[in-house]
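Structure, as structure tokens:
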Amino acid sequence: MNKHDAERVSGMLEALGAVHVPTLEEADIAVFMTCCVREAAEVRLFGQIASCKNVPVRTGSPLAQRIIAIGGCIGERDGDELLTRFPHVSVVFGTHSLASLPGMLKRCLSDRVRQSDTSDTADAFSTDLPTKREHAWAAWLPIMTGCDNFCSYCIVPYVRGRERSRTIEDVVTEAQRYVDAGVKEITLLGQNVNSFGRDRYGAPRFAELLQRIDATGIERLRFVTSHPKDLSDEVIAAFADLRSLMPALHLPFQSGSDRILQAMNRSYTRAHYLSLIAKLKQACPSLALSTDIIVGFPGETEEDFGATCEMVCQVGFSQAFTFIYSPRSGTPAAQMRDTLPREIVQERFDRLVALVQEEAYRFNRAAQGRTLAVLVEGVSKRDARVLAGKSPQNQTVHAALPDDLDIEQLIGTIVPVRIDETKTWYLSGEVMRG
Ligand code: SAH
Ligand code: SF4
């Protein structure tokens, strides 16, 4: 969601005549898009903002100053306080006031006033805002904003507001526009896409939305994120039925212990989660499952943690994002007393990471010798002669760039790659020709 918001900010700045530059030194305007889901990101952000003070204004800057703006979740949460805390920050905007950024920047330039706007008057989706997509062949498509779930550890409902779904027509029209413009992959965005439509139509209509988007002719369709309590049989069936829906699902389980799940207010049990996995594997045997896991939630015992590790092995995830529990002020969990010592949490975290890596490797091994349809995204960070892309199951795939082909011709196309080598986090192989 933040990446998508950042693309909108880039689009609005370009519409004002700005151009993107790679470093802060060269920038006259710097916009920080922020996240406050965990404390670590927040600490890093505040460090970066503080150090901006020491970066001199670019020689020849027509603005004769550097305008620093903070947006996103921390902007929403802290508003004016950020202007007080950082006298060199000029503009603060929130998650619902993206559209006010150009106006604030203009006022800042003309009247030199510092301002914050965390109002909720702007259109929540701002679909008319210009967007500068990072890749011509891929598009993020937000279908809803906010979250109604109030998991006890999570700040998102407080900074992104209640669930608000777009209309089906609106989403499908936007998807069709992308398909007509040559986009190959659409990723639908929402904190809990399974409940899409509930606020607007009285009942979720996500499965119907998937069918309608599939019918636009899109090559690859993905979505994040799904809440297990709302994953319906119709959505599970879509993995078997829809041509474009890629065989990869991110389904956070957070903890394998029912006691902890209840304290987290997740509204499902371990058995329910496992029953979903069984149905999913039946509908789509090649499905890659990824997940999010929190370690060290207040009161987590060794036994609870053991149940989490057991889940990881039982499901066989292709990937898992593991997080150390981070208390967020204002959430119910932040009031819980039985917090755990840092060393115990770290030790559990390290064990979990090792387990997740084993499982990821095991998953990737199954691709050895197979030929996968890889959507080329660019070149490998380490070697410009190696192309990098994604398999249908969302694995990163590397392959030597064929001598007679230019990467620019290949970006955004789907090529067959035979997998010769499998690692924990990527696969590599050879592009098959003819
Ligand atoms: N809406 C998505 C997740 C959004 S936040 C969902 O429910 O699946 C992404 C992930 O961050 C969560 O799945 C959770 O694992 C993690 N997370 C959220 N709040 C956290 C906290 N306070 N401490 C540690 N991890 C957290
Ligand atoms: Fe946070 Fe839970 Fe909503 Fe996800 S579903 S955003 S974890 S409150």
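In this text, all values refer to a predicted model and were calculated from it rather than measured experimentally. Just follow the structure's listing: the first ligand is 1, and inside any ligand the first atom is 1.
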Under 4.0 Å to a heavy atom of N149 - the qualifying atoms of ligand 2, by number: 5 (S)
Structural part of P157 in contact with ligand 2, heavy atom criterion under 4.0 angstrom: side chain
Residue-ligand contact R328/ligand 1, heavy atom below 4.0 Å: yes
Short N or O distance, Y153 and ligand 1, threshold 3.5 Å exclusive: yes
Metal site atom 1 (Fe) of ligand 2: N/O/S of C154 inside 2.8 Å: yes
Close approach, N192 and ligand 1, non-hydrogen under 4.0 angstrom: no
Distance-only N or O hit between ligand 1 and S226, under 3.5 Å: no
Contact with ligand 1 for I324, non-hydrogen, under 4.0 angstrom: yes
Nearest-contact summary for atom 25 (N) of ligand 1 - protein heavy atom, Å: F323 CB, 3.6 Å
Residue that, paired with L249, satisfies side-chain contact (heavy atoms from CB on, under 4.5 Å) out of L276, L231, V235: L231
Atoms of ligand 2 close to V156 [distance to a heavy atom under 4.0 angstrom, numbered from 1]: 6 (S)
Check: D241 side chain, A238 main-chain N or O, donor-acceptor pair, under 3.5 Å: no
E302/R351 salt bridge by N-O under 4.0 Å criterion: yes
Closest protein heavy atom to atom 7 (S) of ligand 2, given as residue, atom name and distance to 0.1 Å: Y153 OH, 3.4 Å
Numbered atoms and elements of ligand 1 in range of R266, under 4.0 angstrom, heavy atoms: 7 (O)
Output field: ring centroids F150/Y158 closer than 6.0 Å: yes
Protein heavy atom at shortest distance from atom 4 (C) of ligand 1: Q191 OE1, 3.4 Å
Other residues, nucleotides, ligands: >12 heavy atoms within 6.0 Å of E169 CD: yes
Heavy-atom gap R266 to ligand 2 smaller than 4.0 Å: yes
D28 (side chain) donor-acceptor with R66 (main chain) under 3.5 angstrom: no
Aromatic centroids of F223 and F206 separated by under 6.0 Å: yes
R243 atom CZ, over 12 foreign heavy atoms within 6.0 Å: yes
Cation-pi check, R266 onto Y268 ring (under 6.0 Å, within 45° of axis): no
4.0 Å heavy-atom contact, V37 with ligand 1: yes
For H227, atoms of ligand 2 separated by under 4.0 Å from a heavy atom: 5 (S)
Enumerated ligand 1 atoms positioned under 4.0 Å from heavy atoms of P252: 8 (O)
Salt bridge E377-K184, side-chain N to carboxylate O under 4.0 Å: no
Under 3.5 Å: N/O of D292 near N/O of ligand 1: yes
S326, any N or O under 3.5 Å of ligand 1 N or O: yes
Under 4.0 Å to a heavy atom of T225 - the qualifying atoms of ligand 1, by number: 2 (C), 6 (C), 8 (O)
F305-F297 aromatic ring centre distance below 6.0 Å: no
Distance from atom 2 (Fe) of ligand 2 to nearest protein heavy atom, with residue and atom: C151 SG, 2.3 Å
Side-chain (N364) to main-chain (T422) donor-acceptor, under 3.5 angstrom: no
Interfacing atoms of ligand 2 (cut-off 4.0 Å, heavy-atom, F150): 8 (S)
D199/R162 ion pair, N-O < 4.0 Å: no
Atom 14 (C) of ligand 1 [closest protein heavy-atom partner, distance rounded to 0.1 Å]: Q254 OE1, 3.5 Å
Polar proximity ligand 1 side, R38 side, N/O cut 3.5 Å exclusive: yes
Basic-acidic side-chain contact under 4.0 Å: E300, R259: no
Charged tip of R328 within 45° of Y153 ring normal and under 6.0 Å: no
Under 2.8 Å: N/O/S of C147 next to atom 3 (Fe) of ligand 2: yes
